[in-house]
There are 2 protein chains.
Amino acid sequence: MSVQLRPSQALRLWQQVSLAEVRGKAPDLTERQLAVLLTIYLDPPPHTVRGLAEKLDVSKPVITRALDTMGALKLVSRHRDPNDRRNVLIKRTVEGALFVERFGDVVVAKSAELPL
Amino acid sequence: MSVQLRPSQALRLWQQVSLAEVRGKAPDLTERQLAVLLTIYLDPPPHTVRGLAEKLDVSKPVITRALDTMGALKLVSRHRDPNDRRNVLIKRTVEGALFVERFGDVVVAKSAELPL
DNA sequence: CATGAATAAAACGGAGCCGAAACGGTTTCC
DNA sequence: GGAAACCGTTTCGGCTCCGTTTTATTCATG
């Protein structure tokens, strides 16, 4: 069973969520940063810089910098892979899980208010 | 009738759309710019700089700059209000309508692919 | 070992956005 | 008319992000 969503509802939903994000005081992430964060929290681990760069089709420095900023916000954490110490494994944090959860709640709340 | 969307579906939807936007070649707009654009195309006119600034709870220069960049992309156009020449009325364009329409199609397509 | 491959991070220069303040043009109200 | 208020824009310094290139560390291979 798929989610039934008409174009006008989809656009209205995006507007409402965007408005909530712009107005809110949550740390505003770039579109790329959000994509990285959601991928880390939705796709199965392990996550590496290289893997994320390939999945998003961006360069590795983009991922490194995104992890820098989100790491400063404590939304993710980095650890060296003990098996292959060249790799860095990105792990989830409590704060990050809370952030993602809250974001999902906003989307759900706004979708419940859609007209028609 | 409201749209039924569970948190995991909402997050997955946002991830898929974000990934599509990051990977895509469409001009990438800021979260604020997207909020401005959707408001212009979804809410009833007339739209003014001041009105948009109040609705998004941001300063007027933010709106002016967003209109600068989106105007350069021909997604919106500006015209002096003939009744009160202090005001600037923001109007829609064919390119902007097409951009919004395509974005809505992406959301609908991704929502149709959601699991569960 | 020693050389080369692979990985993430750091360095560098360029571009865009931000907030705050100042600026011109327009209207309103005595 | 003239002062004040309003509206959108511009300017300024600062910050962040981007893409590319360079560096440092670690692994694989002969």
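The sequence lines fix the lettering, A, B, ..., with proteins before strands; numbering per chain opens at 1.
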Could you tell me the separation between the CZ atom of B/Arg85 and the P atom of D/dA5, rounded to a whole number of Å? 24 Å
Can you check the A/Lys60 NZ to C/dA9 P distance for me, whole Å? 10 Å
What's the closest nucleotide to the B/Arg86 side chain, out of D/dT20, D/dA5, D/dT26? D/dA5
Rounded to whole Å, the CG-P distance (B/Asp28 to C/dC17) equals 10 Å
What's the CG-P distance between B/Leu29 and D/dC17, to the nearest Å? 18 Å
CD1 of B/Ile63 versus C1' of D/dC7: gap in Å, rounded? 14 Å
If each of A/Asn83 and A/Val58 is mapped to the nucleotide of DNA chain D with the nearest heavy atom, which maps nearer the 5' terminus, i.e. the 5' end? A/Val58
Nucleic acid contacts - residues 30-55 of chain B versus DNA chain D, non-hydrogen atoms under 4.0 Å: B/Thr48, B/Val49, B/Arg50
Report yes or no: do A/Arg32 and A/Thr30 form a side-chain donor-acceptor pair below 3.5 Å? no
Donor-acceptor pair (no angle test) under 3.5 Å: B/Arg78 side chain, D/dG8 base: no
I want to confirm an ordering. Mapping A/Arg80 and A/Pro61 to their closest nucleotides on DNA chain D, which one lands closer to the 5' end? A/Pro61
With a 4.5 Å cut-off on side-chain heavy-atom distances among I, L, V, M, F, W and Y, is there a chain of contacts connecting A/Leu89 to A/Leu75? no
Rounded to the nearest angstrom, tell me the gap between atom CG in B/Asp68 and atom P in C/dA15. 18 Å
On the nucleotide D/dG8, are OP1 or OP2 found under 4.0 Å from the side-chain N or O atoms that B/Asn87 carries? yes
Side-chain contact check for A/Val62: nearest option of D/dT26, D/dC18, D/dT9 is D/dC18
Looking at B/Leu73, B/Val94, B/Leu29, which one forms a side-chain contact (heavy atoms from CB on, under 4.5 Å) with B/Phe99? B/Leu29
Would you kindly give the CG-to-P distance between B/Asp84 and D/dA5, to the nearest whole Å? 17 Å
Separation of B/His79 atom NE2 from D/dT9 atom P, in whole Å? 12 Å
May I ask you to evaluate whether B/Thr64 reaches the phosphate of D/dT9, defined as a side-chain N or O under 4.0 Å from OP1 or OP2? yes
A/Arg12 and A/Gln15: side-chain donor and acceptor closer than 3.5 Å? yes
Checking side chain to side chain contact (heavy atoms under 4.5 Å, CB included) for the pair B/Asn87/B/Arg80: CA distance, chi angles, key distance, verdict? CA-CA 6 Å; B/Asn87 287 332; B/Arg80 281 282 165 192; over 6 Å; no
Strictly below 4.0 Å, N to O, side chains only: are A/Lys55 and A/Asp43 in salt-bridge contact? yes
How about A/Arg78: does its CZ atom have over 12 heavy atoms from other parts shown lying under 6.0 Å from it? yes
Could a donor-acceptor pair under 3.5 angstrom be found where the side chain of A/Arg65 meets the base of D/dG19? yes
